[in-house]
Amino acid sequence: METVYLIVLGLLLIAGLLSIWRAGIGPTRFDRILAVNTFTSKSILFISVYLFATGHPEYLDIALLYALVNYVTSLALVNYLNRNPVSAND
Amino acid sequence: MSFPGLLNYWVALILLVCGLIIVMDSRNLVKKLVGLGIFQSAVFLVFITLGKKSDGSAPILDASVSVYSNPLPHVLILTAIVVGVATTAVGLALVARIRRAYGTIDEDEIDDRPEVEPEIVP
Amino acid sequence: MTEILGSLLLLLGVLTVLVGGVGLFRFPDFFCRLHSASIVDTLGAGLVLLGMLVLSGSVVIAFKVAMIGALIFFLSPMTAHALARAALRSGMHRDKPGSGPSTGGMK
Amino acid sequence: MDSLIPALENHLPILQVIVPLLIAPFCMILGSRRLARGIMVLTAGIMLAITLGLASLTLQQPVITYDLGGWAAPWGIEYRVDMLTVFILFTINLVHMLASVFCLGRQDGNLGTAARPAFYTAWLLCIAGLNGMVVTNDAFNVFVFLEISSLATYTLISCGREPLALLSAFRYLVAGAVGATFILLSIGLLYMQTGTLNISDLSRVIAERGSDRTIILALAFFIIGVGVKCAVFPLHDWLPNAYRFAPDSVTVLLSGTATKVALYVLIRFLHDLFGADFGFAEMPLDMVLVVTAIFGLLLVPFIALRESNLKRMFAWSSVAQVSYIVMGIGLGTRLGIEAALLHLFNHAIVKTAIFMAVGIIIARTGTARIRHLGGMAHRHRFASCIMLFGGLSLIGLPGTVGFVSKWVLVTAVVDKGWWWLAIPILAGSLASAAYVWRIVEIMWTKPAVLKPEAPAARLHWVEWLPLSVLAGLALWFGLNASLITGLASSAALGLLNPGG
Amino acid sequence: MINVVADVGLLCLLLTVALAIVCTRSPLSLVLLSGIYSIALCTLFVILDAVDVAFTEAAVGAGISAILFFAVIRPEDEPVTAFSWPSSRAILLGLGVGVLLLAGTLDMPMYGDHLAPAHQHLALRFLGQSFEEIGIPNVVTSVLASYRGYDTLGEVVVIFTAGVAVLILQPDNKKGPAKPGDRDRFAPELMGNPVLKTVLLRMIPLVVLFGLYVQFHGDYGPGGGFQAGVILGAGVITYGLLSSATRLKRIISDKWVTLGMALGVLVYGLVGVAGLFLGANFLDYSVLGPTQTAGQHLGILLIELGVGLTVSCTMVSLYYCFKQGES
């Protein structure tokens with residue numbers, strides 16, 4: 001069972017690295033925003049799987065909190081983009 | 001657990017240096033504040049790493065758990081995170097006012113303006 | 001039995017997330033990446049959380065996992081929609097179909 | 001309820017901090033500016049009374065400890081008041097009392113957004129943070145109250161009239177936050193090697209287990225962190241602009257309290273926490289501190305000479321005077337500490353008086369440029385005389401209070417055997433004589449540059465009362481310095497052999 | 001084994017994001033990267049068993065810092081070159097400091113070492129006797145609220161000071177309640193966006209409910225006043241982001257928010273002063289109830305309420321001030 005958790009965590013880390021790559025390189029700012037969103041959902045999975053792996057599922061509140069509050073960043077972002085509709089060729 | 005030995009502290013050290021470089025080098029006020037945040041997070045990492053016991057669990061008393069990690073660094077870091085947020089909030093409020101006063105948040109453009117001094121004609 | 005099913009679901013979910021990640025990395029244009037990142041990711045997250053649902057012992061844990069799953073299920077497509085709408089409004093159009101990965105859409 | 005009053009007596013250490021801390025939110029809730037100003041002055045009075053009460057307590061019982069939350073010392077947070085603490089508390093609360101009276105007179109726009117009572121909340125929070133840093137005996141508690149006073153200080157500075165006040169407040173925020181984080185890191189490293197946070201407990205454990213590279217690193221981080229807060233020479237570049245662009249009443253408050261408390265924390269940590277033998281015997285700490293002090297003494301006055309703005313010039317002189325105090329600390333001997341404390345007290349009084357006088361002149365002429373100061377002495381006799389007297393005591397002319405502390409510093413230097421240090425001290429005094437003489441010459445001899453403004457408004461009582469109190473104190477201590485030197489030596493004695 | 005892999009992996013993630021931040025110059029990507037940085041840091045805290053700290057870092061990183069940063073940056077700050085290597089002078093100085101520090105780390109105890117001096121002194125008592133003395137399973141909350149309760153009072157005052165600072169720095173300080181006429185010029189038409197409206201309007205009660213759960217769950221699991229305050233603040237601000245700050249002001253006016261900020265500090269202080277009047281030292285909760293643990297329970301509950309009140313009101317006040325500054 002532990003090897004499964006190990007594989008899952010490792011792959012999640014790699015996926016996280018990919019989204020950081022896109023966040024860093026992303027030509028337009030929308031790619032960076034997309035990368036942030038995907039990194040957040042990967043980290044929610046990572047925390048949940050890690051807590052399951054170490055046998056303490058009662059601390060899942062953190063993952064629940066992230067799932068809840070994650071939209072606030074995107075909302076503030078979309079608000080910022082609507083307020084400044086400069087074309088996307090930053 | 002000899003492998004990760006001092007790795008956490010070395011990574012915290014690199015983050016500290018990154019934060020210091022950003023704070024000293026960047027001319028954009030917002031980037032200075034982000035650098036300050038990274039600088040502080042390096043210190044948080046040092047605190048939390050020294051509290052960790054190998055295969056210990058979170059310091060919440062539970063019948064099934066025997067080894068607990070040290071709760072004191074967590075208390076100190078809770079305070080330090082809140083202090084960091086408060087400093088960032090005040091810094092951003094200042095940046096907003098600087099932008100309103102100077103129209104820019106880049107330090108070079110601000111420095112070029114001559115110091116405004118109320119001239120009293122003799 | 002549940003362990004095998006759980007780990008199977010976990011692995012499947014993680015592979016889906018990985019596929020989404022690679023898609024995010026390789027696709028030429030923002031709107032393609034949007035597809036891979038939001039839809040495939042949500043499916044991957046759903047599968048992983050389903051696997052954890054199977055593996056979770058008590059009901060409270062299962063409820064928490066279900067809550068996380070429901071939240072991700074509703075919120076991440078919504079965020080992707082809001083992003084796509086903002087991108088469209090900011091003039092991100094696919095004018096040159098099929099162009100190379102680096103020149104997709106407006107830079 | 002009468003049983004309550006005597007009970008308050010043994011709660012004095014905590015009341016010193018809690019009174020301003022809990023009254024500050026009231027200023028904001030009440031919403032009227034006039035009421036908030038009244039509350040500010042009233043609180044300043046109460047705090048001074050509490051300090052005098054603490055002073056009388058420490059005469060009977062040398063060390064007063066107070067366990068917060070009822071938990072015993074190393075586990076809970078402990079307050080510790082001894083002669084040194086009372087000495088510093090008296091300095092900052094006296095300056096705060098006079099600065100808050102002076103602040104009443106600042107109804108002009110120069111306070112920027114002070115129209116709202118929130119300014120006075122920030123004012124009280126700043127002084128509450130400073131008091132909290134002085135009284136506490138817990139390393140992390142020093143950091144928390146350092147942050148409270150720092151955040152309040154950044155706000156007060158940004159209330160200045162000119163837009164550059166915002167930028168100088170921002171630069172001070174970044175420097176202060178980096179300094180505070182260095183202090184936090186040094187506390188973390190100390191906790192990592194000792195497992196405790198209480199200062200006296202820390203010094204016991206460090207003495208037991210001896211020093212290793214991490215504790216040396218913690219000492220280095222701590223000195224850099226507090227050095228930024230004290231504006232010691234190489235880490236000082238936030239101070240001149242911060243004092244220059246801050247509102248006059250804020251400059252008056254900060255010049256007398258902020259750097260002084262940081263210097264006290266330096267003394268307290270070097271001697272109580274790291275222990276004099278570790279700091280000064282094993283590590284070449286005394287050489288490091290003395291060398292930075294020498295650079296500060298000699299270089300800064302020349303920068304002050306070329307300064308075009310009066311407030312910034314005196315801010316530069318603050319940086320120079322801090323170097324004298326750091327040299328006193330650097331000697332590491334009892335006499336050195338006594339000289340540092342004396343200079344700390346004298347500089348607090350004199351510099352506050354000078355900035356008040358400058359504030360009065362700015363309020364009337366609207367400008368602080370030295371070029372415009374021609375013939376100012378004849379228009380504002382009282383303020384110019386105070387500034388002259390303050391300048392002379394900065395130089396350390398015999399008969400003034402500055403001379404007393406410089407004399408004790410020279411004896412301390414000779415007593416330690418580094419007689420050659422007396423040369424930079426005298427050179428520093430001569431250099432400060434240069435920039436004071438430049439001001440005096442312009443104000444007294446040069447023809448009037450500014451149009452005589454409306455009939456010179458008579459000094460309001462809020463302005464001349466605190467000024468004359470400070471001048472009186474400086475004069476009295478200058479002439480018979482027995483009381484203040486006695487206080488300083490017993491404070492230094494209390495520090496080096498606690499309970500002795 | 002899992003702990004080590006996760007720890008090392010996350011450290012690498014953290015380093016890559018930090019390097020990315022050092023090199024990027026455009027403020028928007030800086031803010032986004034610092035968002036990723038705080039998420040990676042929070043996950044790392046979970047790995048290092050710091051569950052409460054991860055909670056706070058998550059709530060603050062995802063909840064507040066984004067809103068504050070986006071209220072300050074503008075598209076015209078976007079530099080021409082997106083990346084730039086820091087000046088060699090800064091790098092040299094940084095590396096110099098780094099080498100000095102490296103020497104300091106050689107005497108530090110190893111990762112996870114049970115015999116490290118940090119665990120021998122104070123921690124033994126907190127872990128050992130905190131359940132009999134205070135009766136709360138979450139040792140972090142008992143140390144935070146009771147043993148070192150005075151630090152937390154200082155912390156609440158720091159948050160209050162930040163709220164006051166931003167109030168003072170508000171450009172035009174008209175304090176009256178939002179007049180119906182003054183339509184928020186930047187009313188984003190999010191309300192027009194049916195998807196966001198339907199989903200998020202139903203989310204707000206869920207977020208507030210979760211905030212209250214965290215507020216009162218602080219004794220038994222990760223949570224407490226700060227995290228609850230931030231979550232409640234984020235929930236309320238969501239409505240502001242959805243509709244507009246002026247509409248939110250009509251529901252929760254400036255005056256009440258400022259009052260709440262000050263009241264939270266007073267609640268905390270008065271719980272301490274109550275201990276004074278009952279003859280114990282400041283912030284000693286044992287005298288508040290019949291037995292010591294009952295008193296501690298009551299004391300901790302009250303101060304957590306004070307903390308939650310101040311933090312949530314400060315968050316909303318920050319949002320108002322930054323929105324005010326913008327329009």
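Each chain gets a letter, A, B and so on, in the order the sequences are listed, and its residues count up from 1.
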Counting only non-hydrogen atoms closer than 4.5 Å, does [X] touch chain B with its backbone (N, CA, C, O), its side chain (CB onward), both, or neither?
| X | result |
| --- | --- |
| E:Leu48 | both |
| E:Ala116 | neither |
| E:Leu68 | both |
| E:Leu102 | both |
| E:Leu101 | both |
| E:Ser65 | neither |
| E:Phe69 | both |
| E:Ser130 | side chain |
| E:Asp7 | side chain |
| E:Ile47 | backbone |
| E:Val139 | both |

Can you tell me which of [options] forms the most heavy-atom pairs within a distance under 4.5 Å of chain B?
| options | answer |
| --- | --- |
| E:Val166, E:Val51, E:Leu127 | E:Leu127 |
| E:Leu144, E:Val31, E:Leu106, E:Val158 | E:Leu144 |
| E:Gly94, E:Gly224, E:Gly221, E:Pro27 | E:Gly94 |
| E:Leu95, E:Ile64, E:Val143, E:Leu41 | E:Val143 |
| E:Ala118, E:Ala18, E:Ser34 | E:Ala118 |
| E:Arg25, E:Glu57, E:Met108, E:Gln227 | E:Met108 |

Under 4.5 Å heavy-atom distance to chain E, tell me which part of [X] shows up: side chain, backbone, both or neither.
| X | answer |
| --- | --- |
| B:Val46 | neither |
| B:Leu16 | side chain |
| B:Ile105 | side chain |
| B:Val90 | both |
| B:Leu78 | both |
| B:Asn8 | both |
| B:Ile81 | side chain |
| B:Leu72 | side chain |

Chain E interface, residue from [options] that has the most non-hydrogen pairs under 4.5 Å:
| options | result |
| --- | --- |
| B:Ile21, B:Thr79, B:Leu20, B:Val34 | B:Thr79 |
| B:Val17, B:Ile48, B:Leu50 | B:Ile48 |
| B:Gly84, B:Ser26, B:Ala86, B:Pro73 | B:Ala86 |
| B:Leu76, B:Leu29, B:Val30, B:Leu33 | B:Val30 |

| remark: With B:Ile38 as partner, the option from E:Ile21, E:Leu33, E:Val17, E:Val22 fulfilling side chain to side chain contact (heavy atoms under 4.5 Å, CB included) is E:Ile21
| message | Is there a side-chain contact between E:Phe226 and E:Val156 in this structure, where contact means two heavy atoms from C-beta onward sitting under 4.5 Å apart? | response | yes
Indicate the atoms forming the closest heavy-atom contact of [X] with [Y], along with that distance.
| X | Y | value |
| --- | --- | --- |
| E:Ala58 | E:Cys42 | CB-SG, 3.7 Å |
| B:Ala80 | B:Phe44 | CB-CE2, 3.3 Å |
| E:Val140 | B:Pro59 | CG2-CG, 3.4 Å |
| E:Ile168 | B:Arg97 | O-NH1, 4.3 Å |
| E:Pro137 | E:Tyr220 | CG-CD2, 3.4 Å |

Side-chain donor or acceptor of [X] paired with backbone N/O of [Y] under 3.5 Å:
| X | Y | result |
| --- | --- | --- |
| B:Lys53 | E:Gly112 | no |
| E:Thr314 | E:Gly163 | no |
| E:His114 | B:Ser54 | yes |

| request: In plain terms, say whether E:Arg148 and E:Glu155 are close enough for a salt bridge, that is, a side-chain N and a carboxylate O under 4.0 Å apart. | output: no
| Basic-acidic side-chain contact under 4.0 Å: B:Arg27, B:Asp106 | no
| request: Please determine, by modelled atom types, if E:Tyr147 and E:Glu133 share a side-chain donor-acceptor pair under 3.5 angstrom. | output: yes
